[in-house]
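Heavy-atom basis, side chains included; hydrogens, waters and symmetry copies ignored.
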Amino acid sequence: MARKKREIAEINAGSMADIAFLLLIFFLVTTTMDIDKGLNRLLPPIEEDKPEIQDQIKEKNIFVVVINANNQLLVENEYMEISELRESAMEFIDNNGDGSCMECGGDQSPTSSDNPKKAIISISSDRGTSYDMYVSVTNELMAAYHELRDDLCMRKWGKDYDTIKEEAKDAEDDSEAKDRYKYVQEVYPLLLSEAEPKSVG
């Protein structure tokens, strides 16, 4: 008796290719690509009366902040923790070395800034600095200005700076609210200088 040969079963793979193609199209259509959008940053408003900046800026009127590639902070040639930056910046801005600022309560140190209108904060960063560190540093410096303005508003009008700002926005032209806001801007003008990132180590 002859043995019957067993047939090998075939798998029809034609429809598998169609399914894989459909899945590919599905993933291409539904997948979102992350696109680097940069940093969202609210720039300060354009000031109508720009503070005068002299051609010759005294070295003591520049507060130098450098961030290296390891996210370390060098402020006025000394290492500093980010937690100390705000207080140090406030002391520099509010120093009132020449005694011309009637609203300042600084120590009037002869080695620090003359007055808030001459006090410039210069930020330099390395190309390797992380975004988080850069944003943290700028936040602390902006907070230093905000605290000084807040303190001035509370002393003079018993309101915080944000309230004064909102009142000025809602007010009509030539109103007292706008004058108050303008006064605060004049006492503590925001003078931040940001250099293009480079290799500082």
Side-chain angles (χ1 to χ4, degrees), residues 40-54 57-67 73-123 132-194:
N40 286 329
R41 183 157 179 211
L42 181 64
L43 295 175
I46 297 172
E47 295 180 11
E48 295 170 6
D49 299 326
K50 291 184 180 176
E52 292 180 20
I53 298 175
Q54 297 173 349
I57 300 171
K58 292 179 187 172
E59 200 170 305
K60 69 176 188 172
N61 286 323
I62 302 174
F63 188 74
V64 180
V65 178
V66 179
I67 317 165
L73 203 60
L74 192 68
V75 179
E76 297 287 281
N77 297 320
E78 290 182 15
Y79 282 104
M80 183 179 283
E81 294 296 322
I82 187 106
S83 58
E84 302 166 331
L85 180 61
R86 185 185 309 186
E87 190 66 35
S88 183
M90 286 172 63
E91 286 174 10
F92 169 76
I93 297 164
D94 204 40
N95 181 55
N96 196 20
D98 63 3
S100 63
C101 177
M102 297 297 124
E103 303 292 349
C104 298
D107 296 335
Q108 295 189 323
S109 167
T111 58
S112 190
S113 73
D114 287 334
N115 61 60
K117 292 178 183 173
K118 294 181 179 175
I120 298 170
I121 297 180
S122 170
I123 308 171
D132 287 343
M133 184 61 180
Y134 178 78
V135 170
S136 298
V137 167
T138 52
N139 279 347
E140 288 300 307
L141 295 174
M142 296 296 287
Y145 276 101
H146 193 277
E147 274 194 37
L148 288 170
R149 290 172 175 176
D150 214 27
D151 184 50
L152 173 63
C153 292
M154 290 302 289
R155 276 187 281 127
K156 285 195 79 76
W157 303 292
K159 299 175 181 177
D160 61 17
Y161 175 63
D162 290 332
T163 305
I164 296 289
K165 192 175 174 181
E166 286 301 314
E167 286 177 355
K169 272 185 188 176
D170 299 336
E172 297 175 7
D173 290 341
D174 299 329
S175 68
E176 189 179 334
K178 283 201 183 286
D179 290 343
R180 284 193 295 233
Y181 179 67
K182 191 175 175 184
Y183 180 75
V184 177
Q185 298 286 322
E186 285 173 358
V187 173
Y188 293 113
L190 180 63
L191 298 175
L192 274 179
S193 167
E194 295 180 56

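Between Leu73 and Glu84 the shortest side-chain heavy-atom distance does not fall below 4.5 Å. Residues Lys118 and Asp98 form a side-chain contact, since some pair of their non-hydrogen atoms from C-beta on lies under 4.5 Å apart.
Asn139 and Ser136 share no side-chain donor-acceptor pair at under 3.5 Å. Counting only N and O atoms by type, the side chains of Ser109 and Asp107 include no donor and acceptor under 3.5 Å apart.
Residues Ala89 and Ile121 share a closest heavy-atom pair of CB-CD1, 4.2 Å. In terms of heavy atoms, Tyr181 sits closest to Ala168 at CB-CB, 3.5 Å. Considering every non-hydrogen atom in both Met154 and Asp160, the closest pair reads SD-N, 3.4 Å. Nearest heavy-atom pair, Val187 versus Pro116, reported as atom, atom and distance to 0.1 Å: O-CB, 3.2 Å. Between Asn95 and Ser113, the closest heavy-atom pair is ND2-O, 2.7 Å. Of all heavy-atom pairs between Lys60 and Thr111, the closest is CB-O, 3.6 Å.
Listed by first then second residue, pairs satisfying ring-ring contact (aromatic ring centres under 6.0 Å, His included) with a partner in residues 78-107 read Phe63-Phe92, not counting sequence neighbours.
The backbone N or O of Ser100 lies less than 3.5 Å from a partner atom in the side chain of Asn96, making a donor-acceptor pair. The closest donor-acceptor contact from the side chain of Ser88 to the backbone of Leu85 lies at 3.5 Å or more, if one exists at all. No donor-acceptor pair under 3.5 Å is formed between the side chain of Arg180 and the backbone N or O of Lys156. Between the side chain of Asp114 and the main chain of Asn61, no donor-acceptor pair closer than 3.5 Å is present.
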Practice problem: Apply side-chain contact (heavy atoms from CB on, under 4.5 Å) to Ile82 and Met133, showing your working. | Solution: CA-CA 9 Å; Ile82 187 106; Met133 184 61 180; 4.2 Å; yes

Self-check item: Verdict with supporting geometry, Met142 and Leu192, side-chain contact (heavy atoms from CB on, under 4.5 Å)
Solution: CA-CA 9 Å; Met142 296 296 287; Leu192 274 179; 3.7 Å; yes

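With sequence neighbours excluded, the residues forming a side chain to side chain contact (heavy atoms under 4.5 Å, CB included) with Ile62 are Ile57, Val64, Ser122, listed by chain and number.
To the nearest 0.5 Å, the span separating OG1 on Thr138 from CD1 on Ile123 amounts to 6.0 Å. A distance of 12.5 Å separates NZ in Lys159 from CD in Glu166, rounded to the nearest 0.5 Å. With rounding to the nearest 0.5 angstrom, the CG atom of Asp162 is 11.0 Å from the CZ atom of Arg149. One distance of note links NZ of Lys169 with CD1 of Ile164; it measures 13.5 Å at 0.5 Å rounding. To the nearest 0.5 Å, atom NZ of residue Lys117 and atom SG of residue Cys104 are 9.5 Å apart. In this structure, OH in Tyr188 is found 9.0 Å from CD1 in Ile93, a value given to the nearest 0.5 Å.
Counting heavy atoms of neighbouring residues, nucleotides and ligands inside a 6.0 Å radius, atom CG of Asp170 exceeds 12 of them.
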